[in-house]
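Counting starts at 1 for both ligands and their atoms, following the listed order.
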Amino acid sequence: MDKKLDTIQPIFWRENQLQLLDQRALPQQEDWLNYHDANEVAAAITDMVVRGAPAIGVTAAYGVVLAARKAWQQSAETWQQAIVEPINALASSRPTAVNLFWAIERMTALYQTLPANESPEAILLAEAKNIHQEDIAANHTMGHLGSALIDTDSTVLTHCNAGALATGGFGTALGVIRQGFADGNIKHVYADETRPWLQGSRLTAWELQKDNIPVTIQAEGAAASLMATGELDWIIVGADRITANGDVANKVGTYMLAILAKYHGVKMMVVAPTSTIDWQLEDGKDIPIEQRSAEEVTTIQGQQIAPEGVAASNPAFDVTPANLVDAIVTEAGVILSPSLESMKQIKPEQ
Ligand code: MRU
């Protein structure tokens with residue numbers, strides 16, 4: 001068993017309910033919210049109580065358990081029909097992270113095999129817990145695989161939050177950073193603040209500070225001049241969806257970093273479990289990119305900062321072409337120079 005390198009877990013199933021750490025309030029407040037209803041879980045995903053692709057998938061799996069409980073309580077005969085609507089609500093909560101659909105499909109495939117006249121809750125809860133634990137285990141495996149790619153005493157930059165908060169625990173990009181720091185391969189981390197939700201300055205900085213990993217936050221506009229100093233060795237990010245050819249959808253701004261990295265000779269690592277790979281899509285142009293509300297850009301914590309009525313564009317993600325990525329790290333292995341051909345090394349048999 002690995003020495004414990006992280007202190008945070010954002011999702012718990014406790015006292016027969018789902019408990020989520022409210023990520024909108026961090027780091028000022030650590031509030032836990034309780035959920036008994038799948039439609040409320042769907043709203044929590046949309047509203048960013050919980051965010052990050054693997055964390056959304058784990059949460060949705062527990063949401064299916066709550067949907068099944070309610071459907072069974074309503075009718076032992078027709079629960080398999082009643083569960084469909086709340087599951088659709090979960091699937092409509094956010095469009096880009098494929099882990100959401102992956103987890104819902106896995107839970108759906110299971111409940112469809114269950115007898116109509118037996119309570120489905122215990123079996124579905126066991127499966128949701130499996131999804132949760134498998135995610136944490138994958139993050140630890142990726143932590144070792146990613147750390148092994150990094151030379152001693154490197155400086156890295158990360159974008160958004162791909163940490164314990166964005167997963168079942170430990171993190172994808174921050175899993176590599178945690179392991180890399182423990183191995184002596186990473187000595188310093190820069191974190192982009194990541195407008196408009198500030199996942200970098202609020203969440204990544206909070207996680208790394210808690211684990212005593214040296215971190216400096218910066219506006220994302222500072223990335224180019226940081227790279228020009230020659231100080232930076234790797235950019236390490238997570239992903240919301242990776243297509244069959246290795247194109248990567250991640251937090252908006254990642255594509256900009258990848259272009260800058262290529263120009264400055266900085267290496268680009270994407271860390272994501274295989275549940276983030278969408279083998280159905282050949283390339284990134286078909287990935288649905290979530291557009292969020294203009295108010296997220298024109299206001300900060302409810303306070304208007306832009307002129308009233310100004311138009312604001314708010315795509316939550318962008319797509320980095322595979323040819324700008326040096327390594328995709330998954331729990332099934334590392335793909336160097338990702339392409340349709342090289343990605344086949346980790347493609348499951350049909
Ligand atoms: O809008 P968010 O905060 O859900 O976006 C999160 C990201 O873009 C993460 O980098 C990605 O989900 C990977 S999390 C391990």
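If you check the side chains of N117 and E77, you find no donor sitting under 3.5 Å from an acceptor. A side-chain donor-acceptor contact under 3.5 Å links N161 and T204.
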Does ligand 1 have any N/O atom under 3.5 Å from a protein N/O, and what are those pairs and their distances?
residue  : atom   : partner : partner atom : Å
ligand 1 : 1 (O)  : R94     : NH1          : 3.4
ligand 1 : 1 (O)  : R94     : NH2          : 2.9
ligand 1 : 1 (O)  : K251    : NZ           : 2.7
ligand 1 : 3 (O)  : R51     : NE           : 2.8
ligand 1 : 3 (O)  : R51     : NH2          : 3.2
ligand 1 : 3 (O)  : Q199    : NE2          : 2.8
ligand 1 : 4 (O)  : G52     : N            : 2.9
ligand 1 : 4 (O)  : R94     : NH1          : 2.8
ligand 1 : 8 (O)  : D240    : OD1          : 2.9
ligand 1 : 8 (O)  : N250    : OD1          : 3.2
ligand 1 : 8 (O)  : K251    : N            : 3.2
ligand 1 : 10 (O) : N250    : OD1          : 2.6
ligand 1 : 12 (O) : A53     : N            : 2.9
ligand 1 : 12 (O) : D240    : OD1          : 3.0
ligand 1 : 12 (O) : D240    : OD2          : 3.1

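Cation-pi geometry between K251 and F317 is met: under 6.0 angstrom from the ring centre, within 45 degrees of the axis.
Under the 3.5 Å distance criterion, the side-chain polar atoms of E220 are matched with a main-chain donor or acceptor of R195.
Between H140 and F170, the ring-plane angle classifies as parallel under the 30° and 60° cut-offs. In this pair, Y62 and W13 present their aromatic rings parallel. The plane angle is below 30°, not in the 30 to 60° band.
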